[in-house]
Amino acid sequence: MSEELVTIISALVTLGVGMFAGFAWVIHRMDARFASFNDKFTAEIKSVDEKLTGEIRALDEKFTGRFDAVKDELTEVKIAVARIEGPPRHLITAR
């Protein structure tokens with residue numbers, strides 16, 4: 001082999017190894033950044049989830065009481081209407 005061929009091959013190998021190392025370094029940095037972002041994002045989602053769960057429970061308790069009150073009042077209205085209408089009319093009257 002000639003000196004020029006050895007020099008070109010060694011230069012290509014050096015450039016290839018350098019590019020591979022640089023690319024590996026970039027991938028490693030990106031993975032580290034994504035991992036830190038993922039941790040922050042997961043913590044934020046958990047805090048929002050806990051806050052919303054608490055608010056939903058509070059609203060559920062509030063509206064459950066209101067719905068029970070409406071149900072009781074509706075029952076009273078049905079009874080009052082039934083008393084006003086009187087007994088049901090029959091198609092065949094008794095003699």
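Every heavy atom of this structure was used, including side-chain atoms; hydrogens, water molecules and symmetry mates were not. What you see is a predicted model, and the numbers here were worked out from it, not measured in a lab.
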Asker: Look up atom CD in E61 and atom CZ in R57, then write down how far apart they are to the nearest 0.5 Å.
Answerer: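 Here the interatomic distance stands at 9.0 Å.
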Asker: Just jot down the side chain to side chain contact (heavy atoms under 4.5 Å, CB included) partners of S36, sequence neighbours excluded, or say none.
Answerer: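 Checked S36 against side chain to side chain contact (heavy atoms under 4.5 Å, CB included); zero matches.
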Asker: Between atom NZ of K46 and atom CZ of F41, what is the distance when rounded to the nearest 0.5 Å?
Answerer: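 Here the rounded value is 13.0 Å.
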Asker: Are L12 and V17 grouped together when hydrophobic residues (ILVMFWY) are joined by side-chain heavy atoms under 4.5 angstrom apart?
Answerer: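 No: no chain of side-chain contacts under 4.5 Å links L12 to V17.
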Asker: When hydrophobic residues are tied together by side-chain contacts of less than 4.5 Å, even through go-betweens, does V13 share a cluster with V6?
Answerer: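 Cluster IDs for V13 and V6 match.
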Asker: Can you confirm whether more than 12 heavy atoms, excluding those of E55, are under 6.0 Å from its CD atom?
Answerer: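 More than 12 heavy atoms, drawn from other residues, nucleotides or ligands, come within 6.0 Å of this atom.
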Asker: Roughly how far, to the nearest 0.5 Å, is the CZ atom of F34 from the CD1 atom of I27?
Answerer: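 It comes to 9.0 Å.
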Asker: To the nearest 0.5 Å, what is the distance between CG on N38 and CD1 on I45?
Answerer: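 The CD1 atom of I45 is 8.5 Å from CG of N38, to the nearest 0.5 Å.
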Asker: Got a second to check how far L59's CG is from T64's OG1, nearest 0.5 Å?
Answerer: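 Answer rounded to 0.5 Å: 10.0 Å.
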Asker: Report yes or no: do M30 and W25 belong to one cluster of Ile/Leu/Val/Met/Phe/Trp/Tyr joined by side chain heavy-atom distances under 4.5 Å?
Answerer: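 Yes, because M30 and W25 connect within a single hydrophobic cluster, where side-chain heavy atoms sit under 4.5 Å apart.
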Asker: How many angstroms lie between atom CG of D49 and atom CD1 of I56, to the nearest 0.5 angstrom?
Answerer: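 Here the rounded value is 8.5 Å.
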